[in-house]
Protein chains: 2
Amino acid sequence: MPRAGLTPAAVTAAGAALADEVGFDQLSMGLLAERLGVRTPSLYKHVAGQADLAHRIAVLAVNEVADAIRDAIQGRAGRDALAAGAQAMRRYVLDHPGRYAAGNAARPNGPDDPLVPAVERVLASWAAMLHGYRLAPDQEIHALRMLRSNLHGFATLEAGGNFQFDADVDDSFTWMIDFLDQGLEKHVEGRSG
Amino acid sequence: MPRAGLTPAAVTAAGAALADEVGFDQLSMGLLAERLGVRTPSLYKHVAGQADLAHRIAVLAVNEVADAIRDAIQGRAGRDALAAGAQAMRRYVLDHPGRYAAGNAARPNGPDDPLVPAVERVLASWAAMLHGYRLAPDQEIHALRMLRSNLHGFATLEAGGNFQFDADVDDSFTWMIDFLDQGLEKHVEGRSG
DNA sequence: GCTAAAAAGCTAACCGAATTAGCCTCAGGC
DNA sequence: GCCTGAGGCTAATTCGGTTAGCTTTTTAGC
């Protein structure tokens with residue numbers, strides 16, 4: 001019997017891919033083992049259990065989202081940066097709904113959990129993008145929270161099939177980006193919200 | 001042995017309450033049975049199984065959200081209506097995170113699923129509120145989707161503990177409502193987005 | 001009031017998925 | 001060519017959901 005050559009990273013990657021296919025809530029150790037051509041208990045040589053697997057997928061996902069947003073924003077500013085970053089995130093959630101769900105469900109296990117810096121990377125990218133709008137400093141946190149709420153909400157609703165199909169969702173997304181951009185322009189330093 | 005006097009509605013209500021306490025993902029038939037002072041299999045006389053229970057909780061939750069928003073908007077218009085409706089929804093999610101999660105996870109089982117009219121009630125309230133802003137007709141759907149995204153995203157992020165505590169979340173929420181209101185005012189009929 | 005039947009509870013048993021224990025073997029270093 | 005440990009396996013346990021089938025309460029009709 002030749003070995004399968006698994007590693008924690010390989011198991012995590014396969015688990016993430018499987019979650020995207022069947023849905024995060026349908027992910028099971030048995031299904032993943034089958035996918036990897038191995039018996040279920042063998043997975044425990046690489047991950048501590050289902051909770052550990054889910055957490056590793058979450059860390060992977062959040063870091064991937066962070067990468068995608070950073071790359072999209074790179075070299076752009078203002079509306080361009082907002083639109084590119086938002087589209088990158090939306091694209092990611094549509095392409096990888098399972099691992100994004102894992103990322104949402106995860107809670108840090110402690111102060112040195114790698115999930116924490118991963119989340120911070122995402123927030124740092126958004127903060128950098130917003131910085132281009134030159135908001136009053138005390139409004140940046142509010143704008144950041146609104147942006148997160150908006151994009152997270154849109155992406156999850158869309159990925160969950162919660163939008164009816166009477167109007168093009170792409171159009172709605174573009175409209176939303178415009179709305180956000182114009183509103184942020186109004187909040188340039190000195191104006192009240 | 002006296003009877004417990006359960007009904008499908010009573011089981012659903014208890015399940016919803018339990019989901020709020022322990023989290024929707026931690027809800028189990030065994031735990032609910034214990035809470036109701038009954039053995040697990042007895043629950044199957046009232047609900048078809050865990051999936052059916054989750055679905056009933058979802059319908060209950062969406063209808064409760066619809067009620068809350070309708071009541072909050074009642075007699076108000078413009079920014080008042082927006083703020084009141086949004087706060088009502090936020091309050092609901094904070095008070096009932098478990099059943100709200102059930103509502104999000106649910107998918108209609110068919111065209112005559114009671115979940116469908118429940119969701120429509122929510123959308124109808126938001127649409128009525130937005131109507132007060134006199135947007136161009138072809139923009140209403142986009143504004144509705146943005147509003148849903150925003151409020152759903154904010155509520156779930158807050159309920160999930162995803163906002164750090166460096167700034168008051170209430171302030172962020174108010175700021176967001178102002179942002180939405182001012183943006184919508186800009187889109188009064190005739191102006192492009 | 002008596003009885004039949006439906007409703008609502010129970011116990012026992014089954015099933016599937018996660019997990020644990022313990023064995024066996026392949027791969028690589030001496 | 002052995003020795004060791006990592007990585008695979010089978011077998012067994014546990015737990016939660018579910019089903020089967022029995023018992024008892026309630027209720028309707030007489």
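Residue numbers start from 1 in every chain, and the chains themselves are labelled A, B, ... in the order their sequence lines are given, proteins ahead of strands.
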- Message: Side chain of B/Ser42 only, heavy atoms from C-beta on: which candidate in C/dG9, C/dT11, C/dT19 is closest?
- Response: C/dG9

- Query: Can you tell me if the side-chain N/O atoms of B/Arg3 get under 4.0 Å from OP1 or OP2 in C/dA7?
  - Reply: no

- Message: Check this for me: does any side-chain nitrogen of one of B/Lys186 and B/Asp181 sit under 4.0 Å from a carboxylate oxygen of the other?
- Response: no

- Task: Between C/dA21, C/dA12, D/dG7, spot the one nearest the side chain of A/Lys45, thanks.
- Result: D/dG7

- Query: Closest to the A/Met29 side chain: C/dT11, C/dA8, C/dA18?
  - Reply: C/dA18

- Message: Looking only at the aromatic ring of each residue, does the gap between the centers of B/Phe179 and A/His187 stay below 6.0 angstrom?
- Response: yes

- Side chain of B/Gln50: nearest nucleotide among C/dA8, D/dG17, C/dT20? D/dG17

- Message: Just the rounded figure in Å: distance from P of C/dA17 to CG of A/Leu53.
- Response: 16 Å

- Could you give the CG-to-P distance, from A/Asp25 to C/dA18, as a whole number of Å? 13 Å

- If you look only at pairs with a residue in residues 62-74 of chain A, which of them pass as a side chain to side chain donor-acceptor pair (under 3.5 Å), with sequence neighbours excluded? A/Asn63-A/Arg121, A/Glu64-A/Tyr92, A/Glu64-A/Arg99, A/Asp67-A/Arg70, A/Asp67-A/Arg121

- Check the distance between C/dA18's P and A/Gln26's CD and give it to me in whole angstrom. 11 Å

- Item | Nearest to side-chain heavy atoms of A/Arg39, which nucleotide of D/dT10, D/dT18, D/dG16 | D/dT10

- Note on the structure: A/Tyr44 OH to C/dG22 C1', in whole Å, measures 16 Å

- B/Ser28, nearest nucleotide to its side chain (from D/dG8, D/dG16, C/dG9): D/dG16

- Please give, in whole Å, the distance from C/dG16 C1' to A/Glu34 CD? 14 Å

- Query: Does a side chain donor of either B/Tyr100 or B/Asp20 reach within less than 3.5 Å of an acceptor in the other side chain?
  - Reply: no

- Query: Is any side-chain N or O of A/His46 closer than 4.0 Å to OP1 or OP2 of D/dG8?
  - Reply: yes

- Atom-pair distance (CG on A/Leu43; C1' on C/dA21), nearest Å: 17 Å

- Message: The side chain of B/Leu6 is closest to which nucleotide in this list: D/dT18, D/dG8, C/dG9?
- Response: C/dG9

- Query: Are B/Arg35 and B/Glu21 ion-paired here, with the side-chain N under 4.0 Å from a carboxylate O?
  - Reply: yes

